[in-house]
Trainee: 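Sharing a structure, written as structure tokens. Questions coming.
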Amino acid sequence: MSTASPLIEPASPHVMNTYGRLPIALSHGQGCRVWDVNGKCYLDALGGIAVNTLGHNHPRLVPALQDQISKIIHSCNYYHVPHQEVLARKLVELSGMSNVFFCSTGLEANEAALKLARKFGHDKGIDRPEIVVYEKAFHGRSIATLSATGNPKIQAGFEPLVEGFIRVPINDINSLKAATANNPNIVAVFFEAIQGEGGINPMHLDYLRELRTICDQRDWLMMIDEVQCGMGRTGKWFAHQWAEIVPDVMPLAKGLGSGVPVGAVVAGPKAANIFKPGNHGSTFGGNPLAMRAGVETIRIMEEDNLLANAATVGARLKAALEAALSAELAVGSVREIRGQGLMLGIDLAKPCGALVQQAADLGLLISVTADSVVRLVPPLILSQAEADEVVAILCPLITALIKENT
Ligand SMILES: *Cc1c(COP(=O)(O)O)cnc(C)c1O
């Protein structure tokens with residue numbers, strides 16, 4: 001676009017220095033492509049970290065949001081917000097659960113879940129409720145959610161942590177049983193169906209089913225953080241649905257508003273009536289613009305069959321990555337390619353942060369998480385041709401990085 005002004009100085013001296021940023025500033029996008037302020041084009045395989053469900057400048061989302069902005073952006077929760085009921089009904093239908101609380105971000109959705117679990121405990125006479133959480137989990141950056149997070153780097157410097165968490169490894173039912181044996185204070189288990197920041201680590205379907213049974217037997221809330229893996233990314237609306245279970249509490253955010261901040265906590269019957277008026281709230285939560293974004297995102301996903309697209313293009317992308325990296329997989333320099341649908345991780349046997357800039361130089365946006373896992377969480381509109389392009393750019397870079405100094 002000719003209106004782009006050249007980027008003189010990418011550093012922002014007045015913005016607090018909390019991110020290791022690339023020297024890139026994006027100006028606009030179309031579908032799965034974005035352009036920086038210098039006019040360079042990139043294929044977006046990161047989707048704003050699993051946020052831009054419908055890609056950029058979607059031809060039906062943008063006019064709907066424009067219409068909403070011209071009517072009302074924010075009212076407030078002193079009044080009814082009609083689109084809250086529309087979006088809640090839709091989330092209830094898609095999840096098989098029963099009620100929704102709206103907020104604006106993932107950590108806020110998780111905070112609400114943690115508060116629900118504690119109040120669930122207090123309501124049945126447990127004064128010091130405890131919640132089971134997992135190694136390598138990521139639940140957000142507030143004091144409570146970073147305490148639930150299983151990454152010492154995220155916690156360091158912010159102690160004392162919130163108490164009342166018991167941590168276990170994923171996919172190990174015996175560890176869970178041992179850690180919780182004879183403990184009457186446990187009220188909930190809290191986990192991601194597929195860990196995102198932790199390195200794209202899926203919970204096994206058998207484990208999820210066993211855990212559901214244990215939660216029922218011991219009257220625990222099953223709370224599944226679907227902030228990253230939910231909203232169609234894996235080819236089902238919610239990743240836990242592959243195990244044919246239903247949680248009691250499900251935080252959502254990231255992809256729910258296709259870029260507009262929307263968070264939600266969906267609750268099943270066991271958790272739907274724990275909060276009473278005055279127990280919880282959020283000024284921005286459920287505002288008319290956010291609700292419209294959620295409603296239209298889901299509508300367009302249904303109209304365009306994006307769950308099926310995520311499943312088929314994701315499966316093809318995974319197979320193509322495995323084929324292109326077969327030699328590396330055979331010798332273990334690529335340990336595994338994990339994930340489902342359009343949530344994939346390529347786990348390398350060495351740190352690979354350098355790939356992010358290298359890929360950007362070649363016009364591809366990706367991320368690296370857990371030091372050595374390339375993460376691909378593109379918009380759910382990704383085409384097969386675009387998936388092939390991801391492989392063509394990325395795999396030679398991975399192969400070259402592995403060959404360096406070895
Ligand atoms: C991103 C993420 C969060 C935090 O969401 P924010 O909107 O950044 O607060 C929580 N849980 C999971 C699984 C996430 O991926």
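Remember, predicted model here, so these are calculated numbers, not experimental data. When a ligand or atom number is given, it counts from 1 through the structure's own listing order. These values consider heavy atoms only, across backbone and side chains, with no hydrogens, waters or symmetry-generated copies.
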Trainee: For Ala50, is there any backbone N or O sitting under 3.5 Å from a side-chain donor or acceptor partner on Gln228?
Mentor: no
Trainee: Can you find an N or O of Lys254 that's nearer than 3.5 Å to an N or O of ligand 1?
Mentor: yes
Trainee: Any nitrogen or oxygen of Asp225, side chain or backbone, less than 3.5 Å from one on ligand 1?
Mentor: yes
Trainee: Just checking, is any N or O donor in the side chain of Ser12 or Arg21 under 3.5 Å from an acceptor N or O on the other one?
Mentor: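 Their side chains do not contain a donor-acceptor pair, so the 3.5 Å distance test is not met.
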Trainee: Purely on distance, is any nitrogen or oxygen of Gln228 under 3.5 Å from one on ligand 1?
Mentor: yes
Trainee: So, is Leu107 polar-close to ligand 1, with some N/O to N/O distance under 3.5 Å?
Mentor: yes
Trainee: So does His204 get a backbone contact from the side chain of Asn171, meaning a donor-acceptor N/O pair under 3.5 Å?
Mentor: yes
Trainee: For Gly286, does its backbone N or O pair with a side-chain atom of Gln84 as donor and acceptor, under 3.5 Å?
Mentor: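 Yes, Gln84 side chain to Gly286 backbone: donor-acceptor pair under 3.5 Å.
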Trainee: Return the option from Gly106, Ala109, Ala253 holding the heavy atom at the smallest distance from atom 7 (O) of ligand 1.
Mentor: Gly106
Trainee: Going by a strict under-4.0 Å cutoff (protein heavy atoms only), does atom 15 (O) of ligand 1 have a neighbour on the protein?
Mentor: yes
Trainee: Give a yes-or-no answer on whether the side chains of Asn309 and Asp304 include a donor-acceptor pair shorter than 3.5 Å.
Mentor: no
Trainee: Judged by modelled atom types alone, do Asn151 and Gln155 share a side-chain donor-acceptor pair under 3.5 Å?
Mentor: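 Absent: no donor and acceptor within the cut-off.
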Trainee: With a cut-off of 4.0 Å, which atoms of ligand 1 are near a heavy atom of Asn110?
Mentor: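 This gives 10 (C), 11 (N) as the contact atoms.
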Trainee: What atoms in ligand 1 come closer than 4.0 Å to a heavy atom of Glu192?
Mentor: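 Every atom of ligand 1 under 4.0 Å from some heavy atom of Glu192: 13 (C).
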